[in-house]
Visitor: 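Have a look at the structure that comes next, please.
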Protein chains: 2
Amino acid sequence: MAQAVRHDAMRARNLAFVLREVRSHGSLTRASLAEVTGLTKTTVSKLVADLLEAGLVVETGAVRAGERGRPGVEVRVSGDRVAAVGLEINVDYLAVRVVDLTRRVRLRLTQAVDNRLSKPMDVIGDLRRLARSALAQAEGTGLLVVGAGLAVPGPVDVESGEIHNAPNLGWRNVPVGAALDLGVPLRVENEANLAALGELWFGAGRADFLYVSGEIGIGAGLVVNGALFRGSRGFAGELGHVVVTPEGPECRCGARGCLEQYAGQDAFLDAVADRSPFAHGIEAIVAHLEQGDPTTEAACEKAGWALGVALSSAINLVDPHTIVLGGIYAPLFPWIGGVVAETIGGRLAQMRATAPPVEVSRLGSEAAALGAAGQVLETVVADPAALSERLTDRRDLGPR
Amino acid sequence: MAQAVRHDAMRARNLAFVLREVRSHGSLTRASLAEVTGLTKTTVSKLVADLLEAGLVVETGAVRAGERGRPGVEVRVSGDRVAAVGLEINVDYLAVRVVDLTRRVRLRLTQAVDNRLSKPMDVIGDLRRLARSALAQAEGTGLLVVGAGLAVPGPVDVESGEIHNAPNLGWRNVPVGAALDLGVPLRVENEANLAALGELWFGAGRADFLYVSGEIGIGAGLVVNGALFRGSRGFAGELGHVVVTPEGPECRCGARGCLEQYAGQDAFLDAVADRSPFAHGIEAIVAHLEQGDPTTEAACEKAGWALGVALSSAINLVDPHTIVLGGIYAPLFPWIGGVVAETIGGRLAQMRATAPPVEVSRLGSEAAALGAAGQVLETVVADPAALSERLTDRRDLGPR
DNA sequence: ATATTTAGTCCACAACGTAGACTAATTCGG
DNA sequence: CCGAATTAGTCTACGTTGTGGACTAAATAT
């Protein structure tokens, strides 16, 4: 709140409020919207008319029968007008997802590559081709793509869209935001943060959790009360460098005994003596575990313990309601989930009545790309009036 | 934003916005307020008139001369109308502070006690007497006390005003909020959180930092962008139980190797073989250090290292801009500040361009009580219209 | 002394939400 | 099968709030 409120801002807020209520209830009549929002029927009718005209909601022909009286006409969010593109650059794949305003995934494009062997601009070129093809297909079906989000494995300057340092890719100071150039607004963000948002909007749907993204590095995204916590500079969530043993093995970050040394992907690959540059290593590890290989099981035990130690520090500091394990921890969950939960429970038993439950992510490797798209859609829901303006502007400037 | 905006809400927000701008600029004319807020001169004039009538701002007789044209009349926040009471229960003292809307401290009452030897209700009775005396004095000078805040050393259920567990006091499930009964609204909060807010509003004035409160236990309050981060249940900031060495000495929390075992007050007192129940121990430690006692210096070194280790985990997780050391760490700062900063710097050097600076709190033991009062004042600034309503209601119900 | 400049107020007006009357569409009861 | 009751949605007069520009006030510059 650092802005004066005038009539237009009041209307914009109410418009957003109505749209949000429609979304969270699935579908609602004008009458029940009036009840839910506290606005009058008159006002709700006007606002709904605006949303209908903008194509953000549609009337479901179906009228709700049942009680007495005239049946109401329900409106729900329309999936046929607005969409967003979610992109992800990871070590071994590029992913593109087109998601509509109802959060339905309309298009999936994934390309397996090995980005550690490629130059940044080549990778960006590949992604551009993939994304433009997705954009064209989406627009072909009449969708208006309002923007794109890009997930990258490492800290990012969200303002400039520049990647500071993505050690897994070997990238430093790469201006992806400027280089990608898709013709729609682009927002670049850390993969762990976007995966957390993906989990929030497309997964279990809880509003308070710490998402743990296990990859070569280990990141975390904290969602509190439905909002991402980014810290003062946006570098929060570096779970991989939380201390497990202060004098432990040296980490590539320069410190010692960081979680990454115990529970990063390479720690598992070392255990099975398999470090092929292609990251199919996880499947090999799961195969070993399914065969009951004791060495790999011991590695899981150790990693799970270390993850539990680091997470108990995290829980003490940021008090998440739930822990959600994603990335490589999702397939490994049957073997590490228990140890993690036990370690956390053991360390926190006396401090709190109940330790946060440890759950597994349901989205797999899609989480970050979906979160990236979702973040764009969220800007539409937060200010539908801005979109209507853009639409009318475009119409004014269009062919006559 | 989960509320419809009507005309009254629009006005309330603009009123708050104007008051906030007046406060942050010290004093402003209506004309410059119009420029700063983006509202018209007309609207600003009306809003300022409301604030003047409520007594929240006053016109400074002084007109700003200098340039050409008619000089403007500046308004500033009035310290003579509204005040709040800040209270603190700690192990060895009770503190009461009366603070006016300009954040000037109008009254200080402190009582040295040993609350570990007393029953909760006796302590609350002592505090009630102290607080009522302060309230009476404040009201005697014409101040309207709009509420009180209470800081206690341990996690609190803010809704009910009940202390869950204050190990330093030996309290469990004490309903302080209900028991204190001062005749004004009371808000109970964790000491570390309020000390952080105290630092925010009465100290250095940065808007992004992690405040570390060293007492018998070690708490932390995280302020990001001027707002306190409380976690999902309000238990964030338990820095004292962040892992330093996972298999280290057993902690009273049931875990092992928690920071508290290395850098809590008792760790220092053990070092100088002085564990009198009265907490004058810190002064003894400082005396030892000033004489150059090597055992105590070694204890500082070890505590500082452990604090640095735990803080580097915290920095990786929540990305604070600055670290502020308070509580017992303030007097010990000359002996531990360096080690803490070096340990943090050593562990974070590669991860970020610059590690967060480590600073010392300037407020000493007042921080929490001031933060408690400040939190109440903040509710007034956030919604001055609510106060005006209360005032006019009172007038309506008053003698005629 | 007069022109210029800036502060603040006044007044007609526009934007938005409100309240309640009114119309529409359904179920219930006879 | 028809009228009463009930609920949905629209329409109209109105209240509140911010706007824009004219107007008055009070200073400095020439």
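Here is the naming used below: chain letters follow the sequence lines, and residue numbers restart at 1 for every chain. Computed over heavy atoms, backbone and side chain alike; hydrogens, waters and symmetry mates excluded.
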Visitor: Lys46(B) side chain: which of dT4(C), dG18(D), dG17(C) is closest?
Guide: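 Selected nucleotide (nearest to the side chain): dG18(D).
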Visitor: Separation of Leu47(A) atom CG from dC16(C) atom P, in whole Å?
Guide: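 Roughly 10 Å, once rounded to whole Å.
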Visitor: Roughly how many Å is it from CD in Glu74(A) to P in dT7(D), rounded to a whole number?
Guide: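 The answer, rounded to whole Å, is 17 Å.
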Visitor: Ser45(A) or Arg6(A): which one's nearest nucleotide on DNA chain D is closer to the 5' end?
Guide: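 Its nearest nucleotide lies further toward 5', so the answer is Ser45(A).
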Visitor: If you check the Thr42(B) side chain, which of dG8(C), dG20(D), dG9(D) turns out closest?
Guide: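 Of dG8(C), dG20(D), dG9(D), dG20(D) is nearest to the side chain of Thr42(B).
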Visitor: Of all residues at least two apart in sequence or in a different chain, which pass the side-chain hydrogen bond (donor to acceptor under 3.5 Å, both in side chains) check with Arg30(B)?
Guide: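 With neighbours one apart ignored, the set is Glu59(B).
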Visitor: Distance criterion of 3.5 Å, no angle test: do you see the side chain of Thr43(A) paired donor-to-acceptor with the base of dC16(C)?
Guide: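 Between dC16(C) and Thr43(A), which were checked side chain against base, a qualifying N/O pair under 3.5 Å is absent.
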Visitor: Has Asn14(B) got a side-chain N or O lying under 4.0 Å from the OP1 or OP2 atom of dT17(D)?
Guide: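 Negative; the distance criterion is not met.
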Visitor: I need the CD-P distance between Glu35(A) and dG9(D), as an integer number of Å.
Guide: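 The distance from CD of Glu35(A) to P of dG9(D) comes to 12 Å, rounded to the nearest Å.
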Visitor: Do Trp201(A) and Val99(A) have side-chain heavy atoms sitting under 4.5 Å apart?
Guide: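 Counting from C-beta outward, Trp201(A) and Val99(A) never come under 4.5 Å.
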Visitor: Counting just side-chain N and O atoms, does Arg30(A) come under 4.0 Å of either OP1 or OP2 of dT10(D)?
Guide: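 Yes.
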Visitor: With no hydrogens and no angle check, do the side chains of Ser78(B) and Asp80(B) hold a donor and an acceptor under 3.5 Å apart?
Guide: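 Not at all, the side chains of Ser78(B) and Asp80(B) share no donor-acceptor pair under 3.5 Å.
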Visitor: In whole Å, what is the span from the CE atom of Met10(B) to the C1' atom of dA14(C)?
Guide: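 The answer, rounded to whole Å, is 12 Å.
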Visitor: Taking the side chain as C-beta and beyond, is there a heavy-atom pair between Leu87(B) and Leu186(B) under 4.5 Å?
Guide: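 Yes, side chains in contact.
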Visitor: From the options dA26(D), dG17(C), dA14(C), select the nucleotide whose nearest atom is closest to the side chain of His7(A).
Guide: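 Comparing dA26(D), dG17(C), dA14(C) against the side chain of His7(A), the answer is dA14(C).
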Visitor: Below 4.0 angstrom from OP1 or OP2 of dT16(D), is there any side-chain N or O of Arg11(B)?
Guide: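 Looking at the OP1 and OP2 atoms of dT16(D), neither is under 4.0 Å from any side-chain N or O of Arg11(B).
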Visitor: For the pair made of CG in Leu28(B) and P in dG8(C), what is the distance, rounded to whole Å?
Guide: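 In whole Å, dG8(C) P and Leu28(B) CG are 11 Å from each other.
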Visitor: Choosing from dT26(C), dA27(D), dG8(C), which nucleotide comes nearest the side chain of Pro71(B)?
Guide: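 Looking only at heavy atoms from C-beta outward on Pro71(B), the closest nucleotide is dA27(D).
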Visitor: From the set dC16(C), dT5(C), dG9(D), return the single nucleotide nearest to any side-chain atom of Lys41(A).
Guide: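 It is dG9(D).
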Visitor: Asp8(A) has an atom CG; how far is it from atom P of dT19(D), in whole Å?
Guide: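 These atoms are roughly 9 Å apart.
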Visitor: According to salt bridge (Lys or Arg N to Asp or Glu O under 4.0 Å), who are the partners of Asp50(B), at least two apart in sequence or on a separate chain?
Guide: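 Applying salt bridge (Lys or Arg N to Asp or Glu O under 4.0 Å) to Asp50(B) gives Arg11(B).
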Visitor: Measure distances between side-chain N and O atoms of Arg70(A) and base N and O atoms of dA8(D), and say whether any donor-acceptor pair falls under 3.5 Å.
Guide: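 Indeed, a donor on one side and an acceptor on the other fall under 3.5 Å apart.
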Visitor: Expressed in angstrom and rounded to an integer, what is the separation of Asp50(A) atom CG from dA15(C) atom P?
Guide: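 Roughly 14 Å, once rounded to whole Å.
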Visitor: Measure CG/Leu39(B) against P/dG8(C) and give the value in whole Å, please.
Guide: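 The answer, rounded to whole Å, is 15 Å.
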